[in-house]
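A short write-up of the structure that comes next.
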Protein chains: 2
Amino acid sequence: MKKELSSKAIQRLTLYHFILRDYMLKGIEHISSQQIAALLKIDDSQVRKDVTFCKTQGKTKVGYNVLELRKAIEDLLGFERRKDVFIVGAGNLGFALAKYDDFKDYGLDVLALFDIDEKKVDRSINGKKIFHISKFEDLVKQMGVEIAVLTVPANVAQEVADILAKAKIKYVWNFTTTVLDVPDDIKVHNENIMGNFLDFTNK
Amino acid sequence: MKKELSSKAIQRLTLYHFILRDYMLKGIEHISSQQIAALLKIDDSQVRKDVTFCKTQGKTKVGYNVLELRKAIEDLLGFERRKDVFIVGAGNLGFALAKYDDFKDYGLDVLALFDIDEKKVDRSINGKKIFHISKFEDLVKQMGVEIAVLTVPANVAQEVADILAKAKIKYVWNFTTTVLDVPDDIKVHNENIMGNFLDFTNK
């Protein structure tokens, strides 16, 4: 990915991709920067600026070709690069993420889930097996997985993060409300939905 | 909330609050800006700057009082202002959010869930009843709810958003991968976790 692409631009381009999927499903061939901008309530010059990062061009009065722009965003954001993940915590949120088939369109492949609850172990959800957490380190090594999605309860999150660190996982996508204490070579993204909510409703 | 507080500052202050909760649970009385910064791998001057928005002060060589700083963040971010929400879509994600008791600590109160599936209607999850979506508009009016959390499948999201708009909901917290077309007076926050993931794993 190009270095100039900011986090906000990646966020916006992902939303454009959602819009393009819906246009595609409706069989609409072209979309203008104004149409995208109106849905997101942003300025259309912003859309045009973001699209300059993509290998596609719009046509005056016609707009962008929906399939071309969609493919160009996928190339830019690397959807074709497969990213294998393990979900750690087979609760409702872990299940919701495991059942989310759209993930595959974005290159994210959930290979398995892990939990400490013996009643859940060996069950499957959406074709993905649930393993006991004691198997985590071995399976990370065998399958070369670098990304863990953490969906355990907050009060055990640090303990589980220690297991992830020991298994030399590289990325932790943290959905818990615990700030994890992990070695510097592990990248953590805090999916801080509570912060988003407070930001959103207080404005 | 003060206007100067940026989205990023709100995000960080929420994470500080998570850290303070853990310190409190461990019975630790003081925390330094360096300790907070080390956990989040950010600069400690950033922490001190953010804390200036709070009505509390640290002491040299001792740091911040954990309980005081926690309370000051809660006051600043308005945790005591109760925000009633309806969850629309009683699937795994809706259930995960309905079962998430920590929400209440942040002022977010899930009053009920809605779904179209008659098999789910009248059941309860974590003490919250599931209603048929046809009851949504009436209950919004009766209970004065302004915030809807949208957790339905992407392919029906727009159709459901139209129901939310008709009920004059003010805020939609959108967890679907559909960009919603709603009137300008409705504020939508796209909880774009796919964009976050792409941003996180591509860097």
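Quick caveat: nothing in here was measured; it's all calculated off a predicted structure. All heavy atoms count here, side chains included; hydrogens, waters and symmetry mates do not. Letters go in sequence order (proteins before strands), and every chain restarts at 1.
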Proximity breakdown for F197(A) and chain B, heavy-atom pairs closer than 4.5 Å: both
Under a 4.5 Å heavy-atom cut-off, does chain A meet the side chain of D22(B), its backbone, both or neither? side chain
The ring-ring contact (aromatic ring centres under 6.0 Å, His included) partners of F86(B) (sequence neighbours excluded) come to F114(B), F136(B)
Within a strict 4.5 Å, meaning less than it, do heavy atoms of the N192(B) and F18(A) side chains meet? yes
Heavy-atom nearest pair, G195(A) first then T14(B), reads CA-OG1, 3.4 Å
Turns out that what part of E191(A) lies under 4.5 Å from chain B's heavy atoms comes down to side chain
Would the number of heavy atoms belonging to other residues, nucleotides or ligands and lying under 6.0 Å from CG of L139(A) be above 12? yes
Using heavy atoms and a sub-4.5 Å threshold, report which of residues 141-160 of chain B line up against chain A, by residue number. I147(B), A154(B)
Top residue by heavy-atom pair count (under 4.5 Å) with chain B, among N190(A), I19(A), N196(A), D181(A)? N196(A)
Heavy-atom closest pair, residues I10(A) and L198(B): CG2-CB, 4.2 Å
Pair R81(A)-T201(B), side-chain donor/acceptor within less than 3.5 Å: no
Residues K41(A) and V182(B): closest non-hydrogen pair is NZ-O, 3.0 Å
Using a cut-off of under 4.5 Å on heavy-atom pairs, state which of F103(A), F175(A), W173(A), Y100(A) scores highest against chain B. W173(A)
One pair to check against side-chain contact (heavy atoms from CB on, under 4.5 Å): M194(A) and L108(B). What are the steps and the verdict? CA-CA 9 Å; M194(A) 214 50 248; L108(B) 190 160; 3.9 Å; yes
For chain A, the option from T176(B), D184(B), V85(B) that forms the most heavy-atom pairs under 4.5 Å: D184(B)
Please lay out, stage by stage, how R21(B) and T177(A) fare under the test side-chain contact (heavy atoms from CB on, under 4.5 Å). CA-CA 10 Å; R21(B) 178 201 57 202; T177(A) 57; 2.8 Å; yes
Among H17(B), K170(B), H189(B), K83(B), which residue forms the greatest number of heavy-atom pairs with chain A at distances under 4.5 Å? H189(B)
Considering only heavy atoms and a distance below 4.5 Å, find which of L39(B), L97(B), N92(B), V179(B) pairs most often with chain A. N92(B)
K120(A), NZ: over 12 other non-hydrogen atoms inside 6.0 angstrom: yes
When the 4.5 angstrom heavy-atom criterion is applied to L25(B) and chain A, the contacting part is neither
